[in-house]
Amino acid sequence: MNTYSYPDEALAHLLQCAQEVPAADLLPDAQAAINGFPHDARLRTMQAILHRACGQAEAALDASWKALVLSPKDEIVRQELLFCVSEQMGLVAPDGHDFSLESGERQTAPHIHNIRADHRARYAWAARLLRSHFRDNSGLTGLDAFCGNGYGSRMISNLTGSRVIGIDGSTEAVELAERHYGNHLVAFGQAFFPFELTPGLFDYAVSFESVEHVPDSEALLAQICRSTKGPVFLSVPNERALPHADFSAQFGFHCRHFTSEDICQFMSRLGFPYVLASAGQQVYRVQDQRLTGLLPESQMHLRPLTDHSQFIMLMFSRDGEQPVGQTANPALPGVPG
């Protein structure tokens with residue numbers, strides 16, 4: 001063990017030794033330095049780097065969150081946090097897809113209350129179920145896959161007290177998310193799919209209006225499922241109410257739509273066979289197989305899921321434990337009871 005007079009001295013020692021000493025052997029020195037200077041974010045970031053080098057992803061994530069509390073705007077701290085999730089963070093997106101904020105694919109606003117009601121309702125639904133499922137969400141970390149400009153990640157954090165990491169393919173969306181919705185409990189990173197996420201890192205995952213945007217939907221779901229110990233919240237456009245063949249021109253970014261059976265079969269194969277909660281949602285006016293506008297926001301609330309629901313929302317679990325106050329919906333077609 002070493003004793004240090006200043007945090008800079010401790011950090012310099014760790015950096016020098018890291019060139020020659022195995023990371024596992026340096027971890028006691030890093031902890032000793034943190035014990036001496038517990039409010040130095042750089043030392044906790046160094047500890048996170050050492051944990052990650054040892055393959056200790058959860059310990060690295062925990063150290064990174066503690067560093068972020070101490071220095072919420074530090075770019076190095078935030079980047080190390082994101083490296084815990086995937087080392088593919090920040091790679092340049094391929095050509096051929098419009099990731100710009102003006103693409104028409106995203107809800108963008110600097111304040112949550114300016115986001116359209118249907119989008120806010122989905123995240124509020126997930127937050128409510130998380131509060132009942134875990135009882136105490138503080139200390140948990142969730143994934144928001146394809147988070148857009150980050151309003152939903154911040155909503156879940158605000159409503160549950162948990163930490164959230166949002167990832168999205170758009171550099172512009174992530175920059176907007178960091179600027180308006182990032183804090184010591186919420187962080188964002190740019191990563192386009194296909195990416196590989198660290199297995200078992202998260203306590204829950206959310207991915208709303210995402211899987212229809214990639215050609216290999218099951219591959220995206222596989223990454224989301226492998227990254228979380230569980231539960232997983234999904235929303236998708238309903239193939240029965242909005243057939244992709246009829247509406248593809250108006251959903252230009254969608255590769256396909258889904259029935260509840262489709263999603264349940266995917267998730268069952270991926271180790272999430274149980275549906276703990278479900279909901280449906282209406283968003284659009286439809287006439288002659290054309291979207292003719294939006295419904296009033298007062299009609300975009302969640303309701304029981306039926307074949308006529310334009311959007312499907314499902315909460316999946318690896319086991320059959322029900323959230324407090326929730327019951328399975330035995331009438332849901334194709335959903336294991």
Side-chain angles (χ1 to χ4, degrees), residues 107 116-133 144-146 152 155-156 159 204-213 217-218 220-221 224-225 230-247 251 254-286 289 291 294-337:
Q107 286 285 305
R116 207 170 69 202
D118 56 317
H119 295 267
R120 288 186 280 117
R122 294 163 193 163
Y123 281 98
W125 174 77
R128 184 175 65 253
L129 289 167
L130 284 168
R131 288 198 304 269
S132 61
H133 186 79
D144 186 5
F146 288 34
M155 276 187 68
I156 287 184
L159 293 170
Y204 64 87
V206 175
S207 190
F208 290 152
E209 304 308 300
S210 301
V211 294
E212 68 269 20
H213 288 266
S217 303
E218 190 166 3
L220 173 58
L221 288 173
I224 293 170
C225 288
V232 174
F233 298 84
L234 300 175
S235 72
V236 293
N238 186 358
E239 173 65 18
R240 290 193 173 96
L242 297 172
H244 187 256
D246 296 333
F247 292 95
F251 290 106
H254 293 189
C255 298
R256 62 169 293 184
H257 292 174
F258 303 85
T259 65
S260 57
E261 292 94 334
D262 293 333
I263 293 298
C264 289
Q265 288 170 8
F266 285 154
M267 294 297 285
S268 183
R269 286 198 294 267
L270 296 170
F272 283 78
Y274 297 100
V275 175
L276 300 189
S278 64
Q281 192 177 40
Q282 307 300 113
V283 175
Y284 298 105
R285 300 182 188 276
V286 179
Q289 296 183 319
L291 304 183
L294 294 167
L295 294 171
E297 290 201 347
S298 60
Q299 297 180 27
M300 293 179 179
H301 60 274
L302 303 191
R303 58 191 75 191
L305 177 61
T306 71
D307 284 347
H308 301 292
S309 300
Q310 293 176 346
F311 292 88
I312 298 168
M313 269 137 284
L314 298 168
M315 175 187 183
F316 289 94
S317 176
R318 293 183 185 276
D319 57 53
E321 181 183 355
Q322 296 294 327
V324 176
Q326 298 293 321
T327 57
N329 182 354
L332 183 62
V335 174

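If you take CG on Leu242 and CZ on Phe251, they are separated by 5.0 Å, rounding to the nearest 0.5 Å. The structure places CD1 of Ile156 at 12.0 Å from CZ of Arg128, a figure rounded to the nearest 0.5 Å. Rounding to the nearest 0.5 Å places CZ of Phe316 at 9.0 Å from OG of Ser268. Here the OG atom belonging to Ser235 is positioned 9.5 Å from the CG atom belonging to Leu314, to the nearest 0.5 angstrom. Rounding to the nearest 0.5 Å gives a distance of 6.0 Å between CE of Met267 and CG of Leu221. One distance of note links CD1 of Ile224 with CG of Leu270; it measures 10.0 Å at 0.5 Å rounding.
A side-chain donor-acceptor contact under 3.5 Å links Asn238 to the backbone of Asp307. The backbone N or O of Phe311 sits nowhere less than 3.5 Å from a side-chain atom of Ser309 that would complete a donor-acceptor pair. Distance alone, capped at 3.5 Å, is enough to place a donor-acceptor pair between the Gln310 side chain and the Tyr284 backbone.
Considering only heavy atoms from C-beta on, Phe233 comes within 4.5 Å of Leu130 through its side chain. Contact check for Leu276 versus His133: side-chain heavy atoms found under the 4.5 Å cut-off. Between Leu295 and Gln282, some side-chain heavy-atom pair lies under the 4.5 Å cut-off. Looking at Leu294 and Arg285, their side chains never come closer than 4.5 Å, going by heavy atoms from C-beta outward. No side-chain heavy atom of His308 sits under 4.5 Å from any side-chain heavy atom of Arg240. Counting heavy atoms from C-beta on, the side chains of Phe208 and Tyr123 come closer than 4.5 Å. At least one side-chain heavy atom of Arg269 sits under 4.5 Å from a side-chain heavy atom of Gln265. Side-chain atoms of Met300 and His119, non-hydrogen and from C-beta on, never get closer than 4.5 Å to each other.
Closest approach of Phe272 to Gly230, counting heavy atoms only: CE2-CA, 3.9 Å. Taking every heavy atom of both residues into account, Ala124 and Leu159 meet most closely at CA-CD1, 4.2 Å. Between Gln289 and Asp246, the shortest heavy-atom distance links the atoms NE2-OD2, 3.1 Å. Nearest heavy-atom pair, His254 versus His244, reported as atom, atom and distance to 0.1 Å: O-NE2, 3.0 Å. Of all heavy-atom pairs between Pro237 and His257, the closest is CG-CD2, 3.3 Å. Counting all heavy atoms, side chain and backbone alike, Ala241 lies closest to Phe247 at O-CE1, 4.2 Å.
Checking Gln281 against Arg303 by side-chain atom types alone, no donor-acceptor pair falls below 3.5 Å.
Every residue two or more places apart in sequence or in another chain was checked for a ring-ring contact (aromatic ring centres under 6.0 Å, His included) with Phe258, and none qualifies. With sequence neighbours left out, Ser207 forms a side-chain hydrogen bond (donor to acceptor under 3.5 Å, both in side chains) with Ser210. In this view, Glu212 satisfies the side-chain hydrogen bond (donor to acceptor under 3.5 Å, both in side chains) rule with no residue, not counting sequence neighbours.
A salt bridge does not link Arg256 to Glu239: none of the charged side-chain nitrogens sits closer than 4.0 Å to a carboxylate oxygen.
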Worked verdict on Val236 versus Val211 for side-chain contact (heavy atoms from CB on, under 4.5 Å): CA-CA 7 Å; Val236 293; Val211 294; 3.3 Å; yes

